[in-house]
Student: 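Here it is, the structure, as structure tokens.
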Amino acid sequence: MAGETPLPSHVANAAARAALGDLVRVFPVTERGRQFLVVHVFEEGSVFLPAEQNQAHAFRWSDVTMLIQSVTRVTSGNVPKYVRYQYLFVCGDGNQYRADARANILGNEQCGLEDFGRIVNPLVTAVQLPAMRAALGRGEPVTFGPLAIEPDGIRKDRKKLLPWAEFEELKITSGQGILMPNGDVVVRRRGKRLNWFRWEAAKIPNLGALLALTDEVGGPATA
């Protein structure tokens, strides 16, 4: 795919300086027929190219401390109007990179971010997991907003601990895939009907890493 269309020179130069590796996919982001951003996804990071600027902004996945994401389906009555895709990359140096657009359901107009989460999440998660595993190995918690994964269990609100022996599952509700419209993160306790924890998925950072780490340490985590 990388050889189909030559990259703009300033994008290629930015990617080379940051050592981002091979190009994975290009995402032209549009809304109401207007392209306002192009996101170039590479093996080791990304280059954001806003339409109103000629400057390419590059960062590595290893720079990302938080990936906050949401997919929200908005309806009027029972009629779906649009789906909003929001992705925010927060880096350790304080820089933030945002991709945010709406796909018009009524007008059958896509925005370009429909597959973005499916491509980006595994790349970011693969880089985040080693440090998270190392922290658990030292007996330290790994936090995801109101949740923390610990060697002995999963903790909510820095207070209540659910031991892994009592843990049943962690999942994202309402659809299929890591990001689902208006989904929640749900944690269930073994043998209990009520949810032990439920929170909006859009308010929990690093969802991909949360699912993967929970699956490794505690058992089934499903999206």
Student: Kindly indicate, with the supporting measurements, whether the criterion side-chain contact (heavy atoms from CB on, under 4.5 Å) is fulfilled by D63 and D93.
Tutor: CA-CA 8 Å; D63 298 331; D93 59 4; 5.9 Å; no
Student: So, for Q35 and P28, which heavy atoms are closest and what is the spacing to 0.1 Å?
Tutor: OE1-CB, 3.5 Å
Student: Measure across I154 and F167 and return the closest heavy-atom pair with its distance rounded to 0.1 Å.
Tutor: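 Closest approach of I154 to F167, heavy atoms only: CG2-CD1, 4.3 Å.
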Student: Hey, is the main chain of G183 close enough, under 3.5 Å, to the side chain of T173 for a donor-acceptor pair?
Tutor: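 A pair under 3.5 Å: no.
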Student: Closer than 3.5 angstrom, by distance alone: can the side chain of R60 be matched with the main-chain N or O of A18 as a donor-acceptor pair?
Tutor: yes
Student: Test your reading of the model: is there a side-chain donor-acceptor pair from W164 to the backbone of P151, 3.5 Å cut-off?
Tutor: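 Yes: the side chain of W164 pairs with the backbone of P151.
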Student: With side-chain contact (heavy atoms from CB on, under 4.5 Å) as the test, would you mind laying out the steps for W196 and E168 before giving the verdict?
Tutor: CA-CA 10 Å; W196 182 79; E168 181 174 313; over 6 Å; no
Student: Quick one: are E43 and V24 in side-chain contact, heavy atoms under 4.5 Å?
Tutor: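 Yes; the side chains approach each other to less than 4.5 Å.
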Student: If I compare all heavy atoms of E200 with all of D184, which pair ends up nearest, and what's the gap?
Tutor: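 Residues E200 and D184, closest heavy atoms: CA-OD1, 3.5 Å.
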Student: Measuring only between side-chain heavy atoms, which start at C-beta, is C111 closer than 4.5 Å to Y85?
Tutor: yes
Student: Nearest 0.5 Å, please: how far is CD1 in I68 from CD in Q86?
Tutor: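 It is 10.5 Å, given to the nearest 0.5 Å.
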Student: State the CG-CG distance between L7 and L23, to the nearest 0.5 angstrom.
Tutor: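 Output value for this atom pair is 5.5 Å.
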Student: Taking side chain as C-beta onward, heavy atoms only, is L129 less than 4.5 Å from E216?
Tutor: yes
Student: Whether the side chain of R188 engages the backbone of K192 through a donor-acceptor N/O pair (distance < 3.5 Å, no angle test) should be reported.
Tutor: yes
Student: So does V187 get a backbone contact from the side chain of N195, meaning a donor-acceptor N/O pair under 3.5 Å?
Tutor: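 Here the side-chain-to-backbone pair does not exist.
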Student: Is there a donor-acceptor pair under 3.5 Å between the side chain of E31 and the backbone N or O of R102?
Tutor: yes
Student: Would L211 and D215 count as a side-chain contact (heavy atoms from CB on, under 4.5 Å) here? Give the steps.
Tutor: CA-CA 6 Å; L211 290 167; D215 189 55; over 6 Å; no
Student: Whether the side chain of D152 engages the backbone of G139 through a donor-acceptor N/O pair (distance < 3.5 Å, no angle test) should be reported.
Tutor: no
Student: Check whether any side-chain N or O of W61 sits under 3.5 Å from a backbone N or O of Q128 as a donor-acceptor pair, and report yes or no.
Tutor: no
Student: Mind listing the closest non-hydrogen atom pair of G153 and L161 along with its distance?
Tutor: C-CD1, 3.8 Å
Student: Below 4.5 Å, heavy atoms only, C-beta onward: do T214 and L210 meet side chain to side chain?
Tutor: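 Touching, per the 4.5 Å side-chain cut-off.
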Student: Ignoring hydrogens, what is the shortest heavy-atom contact between R25 and D115? Give both atom names and the distance.
Tutor: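 Minimum heavy-atom contact is NH2-OD2, 3.5 Å.
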Student: Evaluate the criterion side-chain contact (heavy atoms from CB on, under 4.5 Å) for residue pair L162 and F197; output intermediate values, then yes/no.
Tutor: CA-CA 10 Å; L162 177 63; F197 173 87; over 6 Å; no
Student: State whether the number of non-hydrogen atoms from other residues, nucleotides or ligands found under 6.0 Å of R133 atom CZ is greater than 12.
Tutor: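 Yes, the 6.0 Å shell around CZ holds more than 12 heavy atoms from other groups.
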Student: Does E114 reach the main-chain N or O of G112 with its side chain, forming a donor-acceptor pair under 3.5 Å?
Tutor: yes
Student: Within this structure, what is the NE2-NE2 distance for the pair H40 and H57, rounded to the nearest 0.5 Å?
Tutor: 12.5 Å
Student: Tell me which one of F36, F116, F48, Y87 satisfies side-chain contact (heavy atoms from CB on, under 4.5 Å) with V29.
Tutor: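 Only match with V29 under side-chain contact (heavy atoms from CB on, under 4.5 Å): F36.
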Student: L88 and Q96: which non-hydrogen atoms are nearest, and at how many Å?
Tutor: CD1-OE1, 3.8 Å
